[in-house]
Amino acid sequence: MPMTTQPQLYSLIGTNSQLLLAVSDNADIVYYGNRLPYATHSDLQHMAIGLERPIPFGRLDTDIAVSINPQLGRGNFGASALEGFRDNGSDWAPVFTITAVKQDGNKLIIDCLDQQAQLAWQTQIELDENDVLQLSQTVTNLGSSDYHVIRCANTAPIADNASEILSFYGRWIKEFQQHRSQLSHGGYIQENRRGRTSHEHYPAVIVGEHGFSDDHGQVWGAHLAWSGNHRMRIDVKADGRRVLQAEALYLPGEITLQPQQSLTTPTLYMSYSHHGLNSMSQHFHQHVRTSILKDRLDKPRPIHLNTWEGIYFDHDPAYITAMATEAAAMGVERFIIDDGWFLGRNDDTSSLGDWFIDPKKYPAGLSPIIDHVHQLGMEFGLWFEPEMINKDADLYRQHPEWLLAVDGYDQPTGRHQYVLDLQNPAAFEYLFERLDHFLSQYDIDYIKWDMNREIVQPAHNNRAAGCGQVERYYALVDKLLAKHPKVEIESCAAGGGRIDYEILKRTHRFWCSDNNDPLERQAIQRGMSYFYPPEVMGTHIGSHCSHTTRRTHTMNFRGNTALFGHMGLELDPVKAGEQEKTAFSRYIQLHKKYRHLLHSGDNYRLSFNDSAALQGNMVVSKSQSDALVSINQLAMPTYCLSGRLHIPGLRADQHYTITVVDGPDNLHSMVNRQPPWLTSQQHFSGEWLQTVGLTLPIMDPESSLLLALQIQ
């Protein structure tokens, strides 16, 4: 029997999860799952022999680890972490050997070297107290000639029982849709080549054991923090092992490393839970709050009014001033002027790039409106779309060479617009100067930063430059914030086209979707909630008739849908009737009352047997003393009775008072009798509410019930 040399075992420990990494001449994740509280490190090192694999006939004669850096040169026949070559075609199948491992608490740095190929590889991996794993790779060219990188991926082997995938798809006004698929042979791959994070293929995936749900099952969530082209893939090897990879997607010839130059992957964020998706989401939410946002959201999130659906391009300073007055009277805290304020901008066919105040629309400039907004006690925000340009614009007529394009080709437009090459130093500095001008000359608190066009043929000096464009976008935001650290920025890209953790490091809020229809928003916000807490999700109450779907909904359904996020309004408050304004004010006050709870508590998605027709949202305070529950009837119920509501996250040994905060007007008139617990304040133990539950009421489609719970 051949002798084996047992690898060194390294352990990273979170609050509830643990990762074991076996290191010999390469590094292999041999366990990523529930924390092992009773095993000492010496126990783990000894017991790791139980994970050594047999070597079957008909294959290579040695065991091949999947490793966090799979390599064809080592006999790994899956997708290698690094693919590249030198000008003469050599060094295309490197074999790295670990040269050093440094552990600092729950962070590991692993250095590798291929002396022959003259390439260095470094892995950084960290598991934080919120049970969020962060993984990134850096490759360095140590040779004397250029090295062309085709792909460079983060790799994370996952458990063999991961047999089901929850992925996300979508489009404009229908983002964050969910799709389930089985994982047994072959694999799954998702690619985005649209130049931004994209509506279609959000860079995240969740894998788990068969039948995982919000409240049960082992799950592994993965998100790539990158705002450009990307690839997510999961492969099932012929021996049954599962491998997840996530990477920025490079265009042909895009990445060339000169001697001593390095390339670092975007960070892959992962979290494991053995209690289903809600627990996984709470890990991600807490990481976002404590490690990404930090103190940038240290004040209550101001309730917005955005002018877009109210006036579109029809800007009249006197009318906008009246809108601000009415907005403040309803309780709005931040007033934003959207598209249409700058030079020559009367529709979406012209003027992008001409970032100067239109003197015909604003003969006195913006100062009178800004001063009025501030006198009303509101913050002021302004819309920009800095990366874009129309050909019918003075800027293009002066600098056609600033276009992000390949010479000799005529690109298709998107919303009549093109993209500026941010890698052109002059174009970059022009945009910075224009943004800096407005933030320096005017008391602007907030920027709605939009990006309405997908990117076709991104080229700088005719060479592919998709990644370079994204990196210069980051640099532009970074430079602006360095000079104006107090300004807040919303990431908007025709709605939800640029939503990821990397841009969240620089911004304060996402516009989830251009669709304010609450029925569509229920699905959009639910899909987004797997990785993002409510305080970064822009959720607006739109007008009675949706501007995107033309459907009409009650204020009850619109208001409660917008409540579970960063709330705002998207309408013209001058034209709204008194009854409607009173209703808007009521939901604004409700949001203010529960805002701290919504933006700091633990969030749960509630599921029911009739999941296509009924779903719920819930947030419970960290102290478990109070909670807010929203029950949303989306469609006609399948059965005449809706079953029971089970409320998780409460203290089993305490009793809670339940109060009906809001419900549809016909809640009690549409049936002979609703459940008696709805008619007056009732008290139930946390144990009862979680385990036994409450009988659900009967509700009409597209209506909502809001409940508040508080310890007696």
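For clarity, every value in this text was computed on a predicted model and none was experimentally measured. As a basis for the values below, the full set of heavy atoms in this structure was taken, side chains included, without hydrogen atoms, waters or symmetry mates.
Considering only heavy atoms from C-beta on, Y202 comes within 4.5 Å of F531 through its side chain. The side-chain heavy atoms of E488 and R334, taken from C-beta on, include a pair separated by under 4.5 Å. Between F335 and N306, the closest side-chain pair of non-hydrogen atoms is not below 4.5 Å. Using a 4.5 Å heavy-atom cutoff, the side chains of I369 and V373 are in contact. In this structure, the side chains of Q525 and S513 stay at 4.5 Å or more apart for every pair of heavy atoms. No side-chain heavy atom of L293 sits under 4.5 Å from any side-chain heavy atom of H508. For the pair N130 and T290, the minimum side-chain heavy-atom distance is below 4.5 Å. Inter-residue side-chain proximity for I303 and H591 is flagged as met; some heavy-atom pair is nearer than 4.5 Å.
With N154 as the partner, the side-chain contact (heavy atoms from CB on, under 4.5 Å) test is satisfied by one option alone out of Q134, Q137, E247: Q137. Applying the side-chain contact (heavy atoms from CB on, under 4.5 Å) test between L257 and each of L142, D146, N141, T140 identifies N141 as the sole match.
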Query - Intermediate values then yes/no, ring pair (Phe, Tyr, Trp, His ring centres under 6.0 Å), H540 and H566 - result: CA-CA 8 Å; H540 289 190; H566 179 183; 7.8 Å; no

Report task. For side-chain hydrogen bond (donor to acceptor under 3.5 Å, both in side chains), just list the numbers for W308 and D339, CA-CA rounded to whole Å, side-chain angles, deciding distance to a tenth of an Å, and then say yes or no. Result -> CA-CA 7 Å; W308 178 243; D339 194 358; over 6 Å; no

Report task. Report the C-alpha distance between E379 and K299 in whole Å, list the side-chain angles of each, state the deciding distance to 0.1 Å, and finish with yes or no for salt bridge (charged side-chain N to carboxylate O under 4.0 Å, His left out). Result -> CA-CA 13 Å; E379 295 181 6; K299 67 175 184 181; 2.4 Å; yes

Report task. Please step through side-chain contact (heavy atoms from CB on, under 4.5 Å) for the pair T123 and L135, ending with a clear verdict. Result -> CA-CA 7 Å; T123 296; L135 182 66; 3.7 Å; yes

Requested in this report: Start with the C-alpha gap between E429 and K479, add the side-chain angles, then the distance that decides, and say whether salt bridge (charged side-chain N to carboxylate O under 4.0 Å, His left out) holds.
Outcome: CA-CA 10 Å; E429 289 304 320; K479 186 173 182 178; 3.1 Å; yes

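Under a cut-off of 6.0 angstrom, the local environment of CZ in R463 is sparse, with at most 12 non-hydrogen atoms contributed by other residues, nucleotides or ligands. Other residues, nucleotides and ligands contribute over 12 non-hydrogen atoms within 6.0 Å of the NZ atom of K622. Around NZ of K592, the count of heavy atoms belonging to other residues, nucleotides or ligands within 6.0 Å exceeds 12. Applying the 6.0 Å contact sphere to CD of E129 captures no more than 12 heavy atoms from other residues, nucleotides or ligands.
Residues Y501 and Y532 bring their aromatic ring centres within 6.0 Å. Note: H223 and H287 fail the aromatic proximity criterion, with ring centroids not under 6.0 Å apart. For W355 and H437, the ring centers sit 6.0 Å or farther from each other. Two rings, from W341 and F384, have their centers less than 6.0 Å apart. Aromatic rings from H304 and Y446 are positioned such that their centres are separated by under 6.0 Å. Ring centroid separation for the pair H201 and H230 does not come in under the 6.0 Å cut-off.
Note that CG of D111 is 9.0 Å distant from CD of Q124, once rounded to the nearest 0.5 Å. Taking OG1 of T265 as the reference point, atom CZ of R151 lies at 11.5 Å (rounded to 0.5 Å). The CD atom of E535 lies 10.5 Å from the NE2 atom of H596; values are rounded to the nearest 0.5 Å. With rounding to the nearest 0.5 Å, the separation of OH in Y442 from CZ in F380 is 10.0 Å. One finds the CG atom of D338 at 9.0 Å from the CG atom of L382 (value rounded to the nearest 0.5 Å). Rounding to the nearest 0.5 Å places CD of Q423 at 5.0 Å from CG of D421.
Relative to the six-membered ring of F176, R526 misses at least one condition, a distance below 6.0 Å or an angle of at most 45° to the axis. A cation-pi arrangement is present between R498 and Y473, with the terminal nitrogen or guanidinium carbon under 6.0 Å from the aromatic centre and inside a 45° cone about the axis. Annotation: cation-pi pair K391/Y418 present, NZ/CZ under 6.0 Å from the ring centroid and within 45° of its normal. Relative to the ring axis of Y474, R506 places its NZ or CZ within 45° and under 6.0 Å from the centre.
No side-chain N or O of E385 forms a donor-acceptor pair with one of W449 less than 3.5 Å apart. There is no side-chain donor-acceptor pair under 3.5 Å between N390 and D392. No side-chain N or O of H416 forms a donor-acceptor pair with one of T349 less than 3.5 Å apart. T197 and D500 are linked by a side-chain donor-acceptor pair at a separation below 3.5 angstrom, with hydrogens and angles left out of the test.
The closest donor-acceptor contact from the side chain of N192 to the backbone of R196 lies under 3.5 Å. Side chain of N229 to backbone of G195: a donor-acceptor contact under 3.5 angstrom is found. Formation of a donor-acceptor pair under 3.5 Å by the Q122 side chain with backbone atoms of T138 is not found in this model. Under a 3.5 Å cut-off, the side chain of Q245 and the backbone N or O of A79 do form a donor-acceptor pair. When atom types are taken as modelled, the side chain of T507 and the backbone of S491 share no donor-acceptor pair closer than 3.5 angstrom.
Ion pairing between a basic and an acidic side chain is recognised when a charged N comes within 4.0 Å of a carboxylate O; E333 and R595 show such pairing. Between D104 and K107 there is no salt bridge, since no side-chain N of the basic residue sits under 4.0 Å from a carboxylate O of the acidic one. In summary, R171 and E200 do not engage in a salt bridge, as defined by a charged side-chain N under 4.0 Å from a carboxylate O. The pair D358-R345 does not count as a salt bridge, with every side-chain nitrogen at least 4.0 angstrom from each carboxylate oxygen.
Under the salt bridge (charged side-chain N to carboxylate O under 4.0 Å, His left out) criterion, D436 pairs with K483, sequence neighbours left out. For K361, there are no salt bridge (charged side-chain N to carboxylate O under 4.0 Å, His left out) partners two or more places apart in sequence or in a different chain. T539 is linked by a side chain to side chain donor-acceptor pair (under 3.5 Å) to nothing, counting only residues two or more places apart in sequence or in another chain. Taking the salt bridge (charged side-chain N to carboxylate O under 4.0 Å, His left out) definition, one finds that D128 meets it with nothing, sequence neighbours left out. Residues meeting the side-chain contact (heavy atoms from CB on, under 4.5 Å) test with L127, sequence neighbours left out: L12, S17, L133. Residues meeting the side-chain contact (heavy atoms from CB on, under 4.5 Å) test with W402, sequence neighbours left out: L395, H399, L420, N424, A426, A427, Y430.
Between Y32 and Y272, the ring-plane angle classifies as tilted under the 30° and 60° cut-offs.
Between D514 and E175, the shortest heavy-atom distance links the atoms N-OE2, 4.3 Å.
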